[in-house]
Undergrad: 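Here's a structure for you.
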2 protein chains.
Amino acid sequence: MPLEETTTALDLTLDAATLTARLVDIESVSRDEEAIADAVEAALRGCPHLVVSRLGHSVVARTELGRPERIVIAGHLDTVPVNDNLPCRWEETPDGVVLHGLGTCDMKGGDAIILRLAATLPEPARDVTYVLYEGEEIDSEFNGLRLLAESHPELLEADFAILMEPSNAVVEAGCQGTLRVDVRTTGERAHSARSWRGVNAIHRAGDILDRLKAYEGRRPVIDGLEYREGLNAVFIRGGVAGNVVPDECVVEVNFRFAPDRSEEEAADFVREFFEGYDVTVTDSAPGALPGLGLPAAKAFIEAVGGEVGPKFGWTDVARFTALGIPAVNFGPGDPMFAHKQDEHVPVAQIERCEQELRRWLESQ
Amino acid sequence: MPLEETTTALDLTLDAATLTARLVDIESVSRDEEAIADAVEAALRGCPHLVVSRLGHSVVARTELGRPERIVIAGHLDTVPVNDNLPCRWEETPDGVVLHGLGTCDMKGGDAIILRLAATLPEPARDVTYVLYEGEEIDSEFNGLRLLAESHPELLEADFAILMEPSNAVVEAGCQGTLRVDVRTTGERAHSARSWRGVNAIHRAGDILDRLKAYEGRRPVIDGLEYREGLNAVFIRGGVAGNVVPDECVVEVNFRFAPDRSEEEAADFVREFFEGYDVTVTDSAPGALPGLGLPAAKAFIEAVGGEVGPKFGWTDVARFTALGIPAVNFGPGDPMFAHKQDEHVPVAQIERCEQELRRWLESQ
């Protein structure tokens, strides 16, 4: 009688699209990545040309060929919660075959490419550090890349990093920062039948909303890429009871800022924008400059066709940048479908990303 | 061995302030009025000159002397929830003795006066219908006065009504109406990192709040009394997630309107005020005209000293008005302390109200 397998075995000789489907069907919502990390670790340990490490449910596999240049290729293994979109399913469309399901786009298509390259490129022209990590979709305290950088920074040392976040299979450089603030008005409570005895804090918030409505986002061009800032109320709350003039109103504002501003500069801008109001910063993450002038980035972009756009959303590219490693986003899938119930990835994009990365890693 | 008493006996020979304290210590939060109604009913049935009826936990006691005029004197028996303010306690202040506790002000001081008058005036110059009712502090479906008016309208027939709601022991005439509406803006969701693809519904609400801030309430003079309207946002809500441009914002507005407008006219005013926005009426109660030109009202006000003010808050006076019975508020206690933890009533106000009502009911 054969031994029972305790993990789902991943066959890295499968094509990347089929491998994507296998990864998608290993449910791996954040904080529940053990099964997928076990499967990934076991498969990579089967490749004799790789040195494999594991920290928590993050796996690092490195070639050790003594090349003059080292590249990180990274993807997270976790997904947002299941939303009646597992297991995955194939669909034939006029534009080609599409794989539907949780994580197809964000970002197991990219993970499958990482695994394929790791398994099938024993002697790349550049040394490669493949990173498959946990906890990206939730609070940064759980972020596997952050934990790796803190406990084993030597494992992440590199000249350039490619994060396989969905970017429609074209390079997206840098990323915008994000800042959250509470903008607060105060007043004085009174019974609404004698409202002139109070001061309505909700009425006072009208000016805050008017400023937001009139806001026009900066569109700075950095390394030839046009970023676009945005300043939005994402929540508003106020009120005590149906017959009480309220004494507080809070507008929660999200500022997405271009990577030519630091977090401090972004916070200063928002404070000045809401001058006269009580502003409290509740959350902040820096952006990342595209760094397209750096030789490693330049060479990569040329190798994959020269097309490059700005990344508006925040990704772990900013984390690499903070570590001093130039980084870009380059992965299959349309980021507009990330976190959506109808998340999907076109097979052609998986194939194109894999081919282009493979060609670049093999080229001198 | 004496029979065990199943209800707290009320001694109607006590002075009204002491009787107030006894009533306060019979806890009677809305929907829990059985004990107090039992006590009130038993005490009134002990008066041979009264015809007593009971419906649910409301009690009606009538003189049947064949007088040409009949007066209703009414008070509710229920209170808002206990807030660490029972049992009651006395306090000596430089301005006289004050009784503290739940219901002292709203409105067991008034109830005690009703019971004292009922018990001690066997032959008033006007026939009197004393009404002590349940369920005033909660949804109108439980309102004892409404239930009585629907099932036994003949019991409430009268030429004039006095509601003993707290009014600082001076007559407050009429009452303002109240209307609640939801004013809604809509937009289009988008990821906040690409906010220009969406339309922010919260930003659109700025104009609604600006209109409210600029609002100046009408102050119509009716029967010589100046009313004062008020239009206030009492709640605001909007938001989907911290990274999403929201597609809906709702401002909940409370309109307190003078009694020269009907509910329909009040709703029309609010719809016009918020022209261009989706307005939904969620709740509405009519006001009541002061009716000070009516002979019964005129005579009463003269009898109690001639001082009269407008009532801003909504009371069951509006219910009497709707039944075609002119009505005023006249009771001990400052309405500003109703529903507050430190609710209280000055003994001097209880005494003054009782004396003035007694004199009027005895006079030809």
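Below, read A as the first sequence line, B as the second, and so on, with proteins coming before strands; counting in each chain starts at 1. Owing to the predicted nature of the structure, the values given are computational and were not obtained by experimental measurement.
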Undergrad: Quick one: do B:Arg218 and B:Asp260 make a salt bridge, cutoff under 4.0 Å?
TA: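 Here B:Arg218 pairs with B:Asp260 in a salt bridge, since their nearest N and O are under 4.0 Å apart.
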
Undergrad: Would you say CD of A:Glu272 has more than 12 non-hydrogen atoms from neighbouring residues, nucleotides or ligands within 6.0 angstrom?
TA: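 No.
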
Undergrad: What option among A:Ser195, A:Gly230, A:Ala233, A:Pro335 has the most heavy-atom pairs under 4.5 Å with chain B?
TA: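 With the most close heavy-atom pairs to chain B, the winner is A:Ala233.
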
Undergrad: Would you mind checking which part of B:Arg197 comes under 4.5 Å of any heavy atom in chain A, side chain (CB onward), backbone (N, CA, C, O), both or neither?
TA: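 The side chain, not the backbone.
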
Undergrad: For chain A, find which of B:Asn200, B:Val234, B:Asn243, B:Asp210 contributes the most heavy-atom pairs closer than 4.5 angstrom.
TA: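 Result: the option with the highest number of such pairs is B:Val234.
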
Undergrad: Looking at chain B, which one of A:Arg180, A:His191, A:Arg228 has the largest number of heavy-atom pairs inside 4.5 Å, strictly under?
TA: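 Among the listed options, the one with the most contacts to chain B is A:Arg228.
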
Undergrad: Can you tell which of A:Ala241, A:Ala205, A:Ala190 has the highest number of heavy-atom pairs within less than 4.5 Å of chain B?
TA: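 Looking at each of A:Ala241, A:Ala205, A:Ala190 in turn, A:Ala241 comes out on top.
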
Undergrad: Please verify the inter-ring angle class for B:Phe337 with B:His344; under 30° counts as parallel, over 60° as perpendicular, anything in between as tilted.
TA: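 B:Phe337 vs B:His344 ring planes: tilted.
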
Undergrad: Name the region of B:Ile208, side chain, backbone, both or neither, that has any atom closer than 4.5 Å to a heavy atom of chain A.
TA: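 Neither; nothing under 4.5 Å.
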
Undergrad: Hey, what do you get for CG (B:Asn168) to CD (B:Glu307), rounding to the nearest 0.5 Å?
TA: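 If we round to the nearest 0.5 Å, B:Asn168:CG and B:Glu307:CD are 9.5 Å apart.
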
Undergrad: So which of B:Gly206, B:Cys249, B:Pro246, B:Ala201 has the biggest tally of heavy-atom pairs under 4.5 Å with chain A?
TA: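 Highest number of heavy-atom pairs under 4.5 Å: B:Gly206.
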
Undergrad: Just give me the residue among B:Gly217, B:Gly242, B:Gly313 that pairs up with chain A most often, heavy atom to heavy atom, under 4.5 Å.
TA: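 The option with the most such pairs is B:Gly242.
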
Undergrad: Check whether more than 12 heavy atoms from other residues, nucleotides or ligands sit under 6.0 Å from atom CD of A:Glu216, and answer yes or no.
TA: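 Counting other residues, nucleotides and ligands, CD of A:Glu216 stays at 12 neighbours or fewer.
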
Undergrad: Can you tell me how far apart CD (A:Glu248) and CZ (A:Arg204) are? Round to the nearest 0.5 Å.
TA: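 Output value for this atom pair is 12.5 Å.
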
Undergrad: Stepwise, does the side-chain hydrogen bond (donor to acceptor under 3.5 Å, both in side chains) test hold for B:Thr315 with B:Glu165?
TA: CA-CA 8 Å; B:Thr315 75; B:Glu165 287 278 356; 5.7 Å; no

Undergrad: Is B:Asn254 close to chain A through its backbone or its side chain, or both, or neither, when contacts mean heavy atoms under 4.5 Å?
TA: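 The side chain, not the backbone.
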
Undergrad: Using a 4.5 angstrom heavy-atom cutoff, name the option from A:Lys311, A:His339, A:Met336, A:Arg211 with the most pairs to chain B.
TA: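 Most heavy-atom pairs under 4.5 Å with chain B: A:Met336.
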
